[in-house]
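Within every chain, numbering begins at 1; the chains are lettered A, B, ... in the order of the sequence lines, protein sequences first and strands thereafter. Values in this document were obtained by computation on a predicted structure and should not be read as measured data.
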Amino acid sequence: MTVESTVEVGETPEPADPEVGVEQQDFNALEWVSQQGVFVFTALLLIFAGIFIDGFASVDNITDVFNRAAPIGIVAVGMTFVVISANYLDLSVVAQVATSAVLLIAVSNSYNMLLGMALGLLVAIVYGIVNGVAVGVFRANAVIVTLSTTFVGLGLLRWASGGSIYFGDPDGVIATFGSTEIGPFPLAMLVLILVTLAMHFVLTNTTFGFLVKSFGSNRHATRLAGVNTPLVVIGAFTVCAFGAMLGGWVLAAFSNTAVSSMSAGFDFEALAAIIVGGTSVFGGKGSVLRTLLGVVFVSALTNIMVLSGYGFGYQQMAIGALIVLAVSVDALARKVGRS
Amino acid sequence: MTQTATLDLGNGESDLIGRIKTTFARRTEGRAVVLLIIVSIWALIWESTVFTAYEVTLGRLALIGLTAVGLTAVILMGELDLSIASILAVSGVVMASFDNVFLGIAVSLTIGLVIGAVNAFFVVVVGINSFIATLGMLFFLRGMAFVISDEEPVVMANKDFALDFGKPLIGEFTPRVLIFVLAFIAMHVFLTRVRVGREFYAVGGNREAARDAGIPVRRRVFTGFMISGFVAAAAGIIVTLQLTAADPTAGGNALLTSFAAAIVGGILLNGGRGSVLGTLLGAASLAILQVGMTFNGVESDVQNIIIGLVLFFAVITDPNSIRAVLGSARTFFRGRSAPDPAD
């Protein structure tokens, strides 16, 4: 069967005995859906949408999907590090994206763009260190910590900006970057691909990436091996913060405007993309390239819902259900695998 | 106090200092007491209207405290329920959609129980971490509130009932405050005097040991999530009655404040330790803080920053966190590895 031929995990021997194979088959099916399912589901979704949804396959729409997917994708790629390190997720990306977007446009308008970028970088480092120290050194729950930093960060941003919308210079560098397209591909897509490749390299080819994975799969063993584990956690949150910063810049460039509420929903769309891609919320397992595929899936799904007239509420329901469903499959696959 | 004195372990520390030490080691409400004292002094000096207009403060306390009391049941078992924010929104929207108020209330409360059971199903039967399961539910239900309400606030048909609900019922107390007081007493009795409630601590302290001792762990987790769902639904109804309309975006701040109240109140996030009394103290200090800031003209953004900071510092001063930091510090200064306290 194709099911078995695509299983990557070589530890499960091919069942020679058909009687033993029943349970093995079961295990394989769930494991397969959680690991390889995204390839099939994404392909099916794209084929379905191309045939049945009017306007999905048009160049304009595809550019639109890419424009929407790029910032979320960059955020999701960065957040993959936090998820792989078994720290669940970083809810504060909502605040981080909006802060870096507003800083970029507002500071570019009154001073210059490089200062705006430098300030964005500084903010990202602060977020990475604050979240990372609270989770890594203090061992606090990542969900609660990042929930609190979200409120503090968004509160600071709204208070400082007064909730106003900043419009960028229509002929400036930012606007030019946001409107440049190569065929149907906006420049933002190129940034997403470059960031993904860079992050993939970091995760697979550096000691830091190895330690993030190893911390995620067994933090106790990693610590006993003499690794400075708090630094690994701080690093993971900082990578996530860099992703959020870049995502914010791309988002600001696309519309050439920035406002504190522009990143609503980034937290769970990014999480959905990561989990659907097959990165496990239990940590230790996952890949940045998979997240990219998850982003394609989630963005295509939201776009199909928009084109079919399902509003914001339905999209939230779909993504919430998707998160629970994908994690359930992963959890059940582990359960069956253990028994 | 007397309770801890009789529980003296007999290791010679029967003097006053020893007693105080044991009391402090046993109680979990310390941070809530400290915050309450600081906030009360601040309020007394700069914004004494918090105490003269106490019905406002009590109303706020009832709102923060109610969801926090429900949350306490779940956190005591070492689980989290993030979906309460959306349960609040959904129950309000559903309640306001019915012309008959009592039917609406009954349906909303049932929905709260059902959502709690669904959460527990994913946590216990499927085996997902409760943070992720209830986070998914948070998004799903927020979407559902938008869908049911058509993304518009739903105005109640029967406004008279809602207005009556805001009037004092017994003495100065409005039904809202009385419901909270009842919920608090019920929860306190449940967790300290009822066997099922006592078993919540066992489940949170050591799940394997609880299972071996014959406690039906799965049923207890179901009970906890259903309590939290039910209470959040009740809070949604109360907010809707207060505003005479249901807001589908409600609940964002309730999530922050109720978590802050429970965690400041000393409910250990890993489960097994804490008391509803602590939650009450935490909720009271946050209520005084919020009402005081509002009277003082502090912008809502700044209020969010301050409450967010309270939650942040509460979560990193958790006893486990303090132990982890002290452990790392010891390793750092003495250069040898200390046993890992959090694993």
Side-chain angles (χ1 to χ4, degrees), chain A residues 88-89 91 130 133-134 137-145 147-160 162-163 219-220 223-224 226 230 260 265 267-268 271-272 275 281-282 310-328 330-332 334-335, chain B residues 80 82 86 122 126-129 131-133 135-151 248 252-253 255-256 259-260 263 269-270 299-318 320-325 328 337 340-343:
Chain A
Y88 312 119
L89 80 163
L91 286 171
V130 169
V133 166
V137 180
F138 286 85
R139 304 284 179 80
N141 181 305
V143 179
I144 305 290
V145 165
L147 179 74
S148 68
T149 47
T150 309
F151 272 88
V152 174
L154 272 184
L156 277 172
L157 180 65
R158 281 197 205 125
W159 175 66
R219 58 180 65 194
H220 195 55
R223 185 175 176 279
L224 288 183
S260 54
D267 46 355
F268 65 88
L271 180 70
I275 294 175
V281 281
F282 302 99
Y310 290 102
F312 182 67
Y314 286 102
Q315 293 168 32
Q316 292 225 328
M317 282 177 81
I319 290 175
L322 201 62
I323 292 177
V324 175
L325 195 73
V327 182
S328 297
D330 187 16
L332 288 174
R334 281 166 171 260
K335 238 182 190 174
Chain B
L80 280 188
L82 294 163
S86 296
F122 281 116
V126 182
I128 312 179
N129 204 308
F131 317 134
I132 300 292
L135 189 75
M137 287 298 277
L138 176 75
F139 302 137
F140 179 80
L141 294 171
R142 191 190 288 161
M144 200 162 109
F146 274 111
V147 168
I148 296 173
S149 67
D150 241 347
E151 308 193 12
N253 280 319
L255 187 66
L256 182 74
F259 268 100
I263 294 171
L269 274 176
N270 296 2
E299 295 161 67
S300 65
D301 296 331
V302 181
Q303 292 193 19
N304 274 347
I305 299 173
I306 291 171
I307 306 277
L309 284 175
V310 169
L311 177 58
F312 183 81
F313 283 106
V315 78
I316 63 169
T317 51
D318 194 270
N320 281 344
S321 300
I322 296 291
R323 224 173 304 150
V325 173
S328 328
S337 184
D340 195 352
D343 279 315

| request: Given side chain to side chain contact (heavy atoms under 4.5 Å, CB included), test D318(B) with F138(A) step by step and report yes or no. | output: CA-CA 9 Å; D318(B) 194 270; F138(A) 286 85; over 6 Å; no

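- For a residue to count as touching a neighbouring chain, one of its non-hydrogen atoms must lie under 4.5 Å from one of that chain's; by this rule F282(A) touches chain B with the side chain only.
- Per-residue counts of heavy-atom pairs under 4.5 Å with chain B were compared for V130(A), V143(A), V137(A), I144(A); the largest is that of I144(A).
- Distance CZ/F131(B) to CG/N141(A): 4.0 Å, rounded to 0.5 Å.
- Taking CD1 from I316(B) and CZ from R139(A), the interatomic distance works out to 14.0 Å, rounded to the nearest 0.5 Å.
- Contact of L138(B) with chain A is not made at all, since no heavy-atom distance falls under 4.5 Å.
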| request: Let me see the working for V126(B) and V324(A) under side chain to side chain contact (heavy atoms under 4.5 Å, CB included), right down to the final yes or no. | output: CA-CA 10 Å; V126(B) 182; V324(A) 175; over 6 Å; no

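- Contact tally against chain A (heavy-atom pairs below 4.5 Å) for F140(B), F259(B), F146(B): the top residue is F140(B).
- Using a 4.5 Å cut-off between heavy atoms, F312(B) touches chain A through backbone and side chain atoms alike.
- With rounding to the nearest 0.5 angstrom, the CD1 atom of I128(B) is 9.0 Å from the CG atom of L325(A).
- Atoms OG and CD1, from S148(A) and I263(B) in turn, are 8.5 Å apart once rounded to the nearest 0.5 Å.
- Considering CD1 of I323(A) and CZ of F139(B), their distance stands at 5.5 Å, rounded to 0.5 Å.
- Here the closest non-hydrogen pair linking M144(B) and M317(A) is N-CG, 3.4 Å.
- Residue with the most contacts toward chain A among L141(B), V310(B), N129(B): N129(B) (heavy-atom pairs, distance under 4.5 Å).
- Of all the listed residues (T149(A), V152(A), V281(A), L91(A)), the one sharing the greatest number of non-hydrogen pairs under 4.5 Å with chain B is V152(A).
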| message | Evaluate F151(A) against I305(B) for side chain to side chain contact (heavy atoms under 4.5 Å, CB included), listing each step before the verdict. | response | CA-CA 6 Å; F151(A) 272 88; I305(B) 299 173; over 6 Å; no

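- Heavy atoms of I319(A) lying under 4.5 Å from chain B are absent altogether.
- For the options N253(B), L82(B), V315(B), L255(B), heavy-atom pairs under 4.5 Å to chain A are most numerous at V315(B).
- With a 4.5 Å cut-off on non-hydrogen atoms, L80(B) touches chain A through its side chain but not through its backbone.
- Rounded to the nearest 0.5 Å, atoms CD (Q303(B)) and CH2 (W159(A)) are 14.0 Å apart.
- Interface remark: L271(A) contributes side-chain atoms only to the contact with chain B (heavy atom separation under 4.5 Å).
- Contacts between I307(B) and chain A at a heavy-atom distance below 4.5 Å are absent for every atom of the residue.
- For L89(A), the part sitting under 4.5 Å from any heavy atom of chain B is the side chain, from C-beta outward, and nothing else.
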